[in-house]
Number of protein chains: 2
Amino acid sequence: MRIDDDRTAETTDRGAGPVGGAPSVRRGRPAPTSKDVARVAGVSQSTVSYVMSGKRPISEKTRRIVLEAIDQLTYEPHAGARALAGHRTNVVGLVVPFHNPEAASGLMAFAEEIAVNARDHDYDVLMLTAAEGPAGLARVQRRAMCDAVIVMEVATDDPRAAMARELEMPVIFIGVPDDHDGLHCIDFDFETGALLLVDALADAGCREIAALGWSEERVGLGMNYVPRFRASAEARAAERGVRLRWISAPHTRAGVEGFLDSVLAPAGRSHPGLLTVHSPHDLGAALQQRGLVPGRDLDVVSLCTDVEAEAQPVAPTAVSPQPRDVSRLAMGWLFDLLDNEIPAELRLVEAHLTTRGSVRPLG
Amino acid sequence: MRIDDDRTAETTDRGAGPVGGAPSVRRGRPAPTSKDVARVAGVSQSTVSYVMSGKRPISEKTRRIVLEAIDQLTYEPHAGARALAGHRTNVVGLVVPFHNPEAASGLMAFAEEIAVNARDHDYDVLMLTAAEGPAGLARVQRRAMCDAVIVMEVATDDPRAAMARELEMPVIFIGVPDDHDGLHCIDFDFETGALLLVDALADAGCREIAALGWSEERVGLGMNYVPRFRASAEARAAERGVRLRWISAPHTRAGVEGFLDSVLAPAGRSHPGLLTVHSPHDLGAALQQRGLVPGRDLDVVSLCTDVEAEAQPVAPTAVSPQPRDVSRLAMGWLFDLLDNEIPAELRLVEAHLTTRGSVRPLG
DNA sequence: CTGTTAGCGCATTCAT
DNA sequence: ATGAATGCGCTAACAG
């Protein structure tokens, strides 16, 4: 049986470090535990726990004393112990996609937003890679490494969808798999975004639209937003009696040039319209080289973030997929999901058109 | 006192799921524990533990039986429990920098390489943000959330350096703070890289070099590699009797154009040399627009990855900072550090010049 | 309102 | 070569 504490009841020697800029970590000393806090505060260990969790009423007086002791010892709870006893890790898993230079910037924005939101709720982020596939999700659940997972860059036919249905823990997909029944999915409303962009060109009088879509690689990986956007754009173009053409290899210099050759060469063609996705860097230069100015010689609209738009020589009228909004909402949903039972659902972030003068007003 | 097990000694009902594609996670059932494995295998719990850790000799026979039970139950150890009892989390922290579109691609490559290496050692990656500053390092240590941390995008005068010295846990800096005494730092050898690039131009007969460096933002943040590279390049240029000029705002279109105007306008100037860092996308287009071809009308060398180099209209002779090599080596060092006491040290990854024909052979 | 107690699932020290 | 017993630091149920 235990003979009680090995540590004596001194309340002073574990106090603050050297005067003036005491380091918040002291070498050699083991990290203080809630028992240490309890001793310093002169209360029981469970009281310390309850002060931290707020799961039962505590008198204002003891509350203050305990918080003071916590502060004095710079105590922080042992994550593993807490997870073991409390069945909660305070960690969310984030499955990041395979490296993709084209989309890297957007992905980092996503990830950062998620990490910051997590910290706001005293959560941390475990970085999982797409390389682990569905098995990765099962692994982190069985090891109890996180309370929920966010999956980015979902494919139309994504094997992680089936796995997510088997898991106990909440999984939020950023993107919409074909069969998203029973899944919690959130994404930008690419369908409406496509409508807005096609309409912007059609309203300006364009009879013909050339679209520079996602890279071949993205398409090949079956990214869910590609068909969502394309199908919607095509449907609307048909409705408006506009011809819509998709360009292959849109993100190579040759692709851009070839496109310009074929579409714009017959000078005087009526109202050529350009719809770009994440405007390829070369496009601005290519147009410029041909003396073509968006909003004067042709109409250009784009699906891209505001930052990307403003970076163009001529900022295009655009619809932003709002990566930060999407991840912020995803996190809000996730935290809701952790405490409450919420039925599976598909949530879409509203699309808006930002007019920027790359489209000629119909005159 | 404990009345022993609540679970009966059946060894069959927790077996594999439905025949043919049994899901590896079964809803409703609690995750199996090492005790479950022990019961199924007919051994003690500690034996299961020792089979997994290999920390004491186990007969081949029981070893096999235990592994079989583990497999059958798809058992995985509870991360929190393991961390609590074993004082090891099997997690490495990774501090990712503030969002920076310019460098996002490289950072994702870093992160992916680190994550993959971690998984190879049965480690996971906790994503920390630079926003937490030095306090973030202290926090994850006190909470026992990881066994070591890797810090990316280190500043010349980085507050995390001081914190790292206080910590018990290993911290590896990717980058070299000014005062790196007592720190474990690893990075690409930017100094030698600069020498190689300046030499390449000087050897080709350039008397004048214009350098397009990092963005103002990077410089403003005090990124350690900026002065390391610049100082070394300047020193070598002086040695070689070459004039070296740094261009401000190198990553704006105006910056690039302004630079070309001032340096190249006086046609026939002797051997203009260009040294670029992460070639701005616009540079290729800008040169092309002026009818200038690297390797014919001027000499261009670059500090950029092979991928970035090959993406240019004319692939430049270049030195690659080898992000993947650096992170792989960092992880190797880290795992070494976890088991062995290794003195602090600065490790540099060797620089190599890859000749690609953007420099005219001296004739 | 607060203290006492029993595990959470594992690693590890004793025993054999 | 194996088993039994202990405790890591915490949460939550139980007892006042």
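Since this is a predicted model, take the numbers as computed values, not measurements.
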**Asked** Is the backbone N or O of A/G80 less than 3.5 Å from a side-chain atom of B/R82, with the two atoms forming a donor-acceptor pair by type?
**Response** no
### Task
Decide if atom CG of A/N340 counts as having more than 12 heavy atoms of other residues, nucleotides or ligands within a radius under 6.0 Å.
yes
Separation of D/dC8 atom P from A/K35 atom NZ, nearest Å, is 6 Å
CG (B/D339) with more than 12 external heavy atoms under 6.0 Å = yes
Taking OP1 and OP2 of D/dG9, is either one under 4.0 Å from a side-chain nitrogen or oxygen of A/T33? no
What residues 48-60 of chain B contributes to the DNA chain C interface at heavy-atom separation below 4.0 Å is B/S49, B/Y50, B/K55, B/R56
Of B/T47 and B/G86, the one whose closest nucleotide on DNA chain D sits nearer the 5' end is B/T47
Nearest-nucleotide check on DNA chain D, B/S46 vs B/L84; residue mapping nearer the 5' end is B/S46
More than 12 non-hydrogen atoms from neighbouring residues, nucleotides or ligands closer than 6.0 Å to CZ on A/R347, yes or no?
yes
With five pairs defining each end axis, the helix from C/dC1-D/dG16 to C/dT16-D/dA1 comes out bent, to 10°, by 40°
Here the distance between atom C1' of D/dC8 and atom CZ of B/R143, to the nearest Å, is 18 Å
With no hydrogens and no angle check, is any side-chain donor or acceptor of B/N117 less than 3.5 Å from a backbone partner on B/E113?
yes
